[in-house]
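Below: one structure, written as structure tokens.
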There are 2 protein chains.
Amino acid sequence: MADPDLRREAIRELLREEEIASQEVLLERLGRKGFHTSQPVLSRDLRVLNVAKQAGFYRVSEEERVTPLAALKSLLRSEQPVSHFVLLYCEPGAASAVARALESDGIDGLVGTIAGDDTVLVASDSHAASMRVRRRVRELL
Amino acid sequence: MADPDLRREAIRELLREEEIASQEVLLERLGRKGFHTSQPVLSRDLRVLNVAKQAGFYRVSEEERVTPLAALKSLLRSEQPVSHFVLLYCEPGAASAVARALESDGIDGLVGTIAGDDTVLVASDSHAASMRVRRRVRELL
DNA sequence: GAATGGTGCGAATATCTATGCGGCGCTTGA
DNA sequence: TCAAGCGCCGCATAGATATTCGCACCATTC
């Protein structure tokens, strides 16, 4: 029997490149690619792949976003709490990049950042929020 | 006849607060809220609302992102093309905020921005891209 | 008051999807 | 060896959803 994972990968691919409205059509497209199966299998595959049907067509879910923060690991030097803010020390010139990445990380309670050249002040709306910021940052150090 | 929009709002609400697996169930829940209708109407409503069915349950799509740019309307003064770049004039001190917002707006072909105190230079990779930037900016002026 | 056009509706039904079930092939362990 | 367990499969069909069609209602126009 063919590997189910190969078939599922083919399904993802097909759904990305074409608007497909029914499992019947998908079945036919898969056939062209050499995967011969049946509609019930597709029904199950689509559930496993967590594919959604929206506005009449199947949609593969967005790839889970890689937080840009992870890529900035090398720019971060250290971290220090000040009241319920957090101060970050970065490589020279890297502060605004780090600040921007932090803001896009969607940390709950993060109000804003002020970036100098190598220092970022992270303002949060509570002590708990600043703890979340610190935890997030330490994950990267 | 009851306003369809009210019913649709009720649907969104229901889907947010409960895992609902079929239109039949949704029909019943709506009934409890005082909206009496039929399955075909739900089918059409769910399409209008762009609701997805995923892993057996209905999911309201993420709230459409409000571009931060819209909030910066008051900070923008004027706009002017220079070659295939665009120069933006802003309120004093607002340039970097505007630049950041523009970058997060996901304009196709936008390469980067340089922000001074009240001026932003927006670099794009083609004339067409700079036109997109200008159109976007003028929407706000 | 017709005639016209637009919008929303729901019964009936066509179409699409999920699932109960039994079969096949592989692996494990007595 | 072979029986039990498991994953995967597809047929048949139950179940869920989309669409066709015709009606009701309201506004606009003549």
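To find a chain, count down the sequence lines: A is the first, B the second, and so on, and within it residues start at 1. Just the heavy atoms: all of them, side chains too, but no hydrogens, waters or symmetry mates, feed the values below.
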**OP:** Using side chain to side chain contact (heavy atoms under 4.5 Å, CB included) as the criterion, point out the one residue from A/Arg29, A/Lys33, A/Arg8 that pairs with A/Glu13.
**Re:** A/Lys33

Subject >> B/Leu6-B/Leu26 co-clustered via ILVMFWY side chain contacts under 4.5 Å >> reply: yes

Subject >> Residue A/Tyr58, side-chain atoms from C-beta onward, closest of D/dG10, C/dT17, C/dA11 >> reply: C/dT17

Original post:
Does A/Val60 belong to the same Ile/Leu/Val/Met/Phe/Trp/Tyr cluster as A/Val41, with side-chain heavy atoms less than 4.5 Å apart forming each link?
Top reply: no

Original post:
Do A/Leu15 and A/Leu46 have side-chain heavy atoms sitting under 4.5 Å apart?
Top reply: yes

**OP:** Taking atom CD of A/Glu24 as the centre, report whether more than 12 heavy atoms of other residues, nucleotides or ligands fall under 6.0 Å from it.
**Re:** no

Subject >> Any B/Ser38 side-chain N or O less than 4.0 Å from OP1/OP2 of C/dA11 >> reply: no

Original post:
Whole Å only: how far is the NE2 atom of A/His36 from the C1' atom of D/dC8?
Top reply: 18 Å

Original post:
Using the C1' atoms of the five pairs at each end, what is the angle between the end axes of the helix from C/dG1-D/dC30 to C/dA30-D/dT1, to 10°?
Top reply: 10°

Original post:
Can you tell me if the side-chain N/O atoms of A/Arg7 get under 4.0 Å from OP1 or OP2 in D/dC8?
Top reply: no

**OP:** Examine the base of C/dA18 for any acceptor or donor lying under 3.5 Å from a partner atom in the side chain of A/Gln39, and report the outcome as yes or no.
**Re:** yes

Subject >> A/Leu42 vs A/Leu30 side-chain heavy atoms within contact, under 4.5 Å >> reply: yes

**OP:** Could you check which residues of residues 18-28 of chain B get a heavy atom under 4.0 Å from DNA chain D? Sort them by number, please.
**Re:** B/Ala21, B/Ser22, B/Gln23, B/Glu24

Original post:
Is it the case that one hydrophobic cluster holds both B/Leu49 and B/Leu14, taking links as side-chain heavy atoms less than 4.5 Å apart, direct or via other members?
Top reply: yes

Original post:
Which one of A/Glu28, A/Lys53, A/Gln39 satisfies the side-chain hydrogen bond (donor to acceptor under 3.5 Å, both in side chains) criterion with A/Gln23?
Top reply: A/Gln39

Subject >> Residue pair A/Arg59 / B/Gln54, side-chain heavy-atom distance below 4.5 Å >> reply: no

Original post:
Can you list, by residue number, the residues of residues 44-57 of chain B that have a non-hydrogen atom closer than 4.0 angstrom to DNA chain C?
Top reply: B/Arg44

Subject >> A/Tyr58 side chain reached by A/Glu19 side chain, heavy atoms, under 4.5 Å >> reply: no

**OP:** Show your reasoning for whether salt bridge (Lys or Arg N to Asp or Glu O under 4.0 Å) applies to A/Arg32 and A/Glu18.
**Re:** CA-CA 14 Å; A/Arg32 290 194 194 174; A/Glu18 189 181 355; over 6 Å; no

Original post:
According to a strict under-4.0 Å criterion, is B/Ser43 in side-chain N/O contact with OP1 or OP2 of D/dT17?
Top reply: no

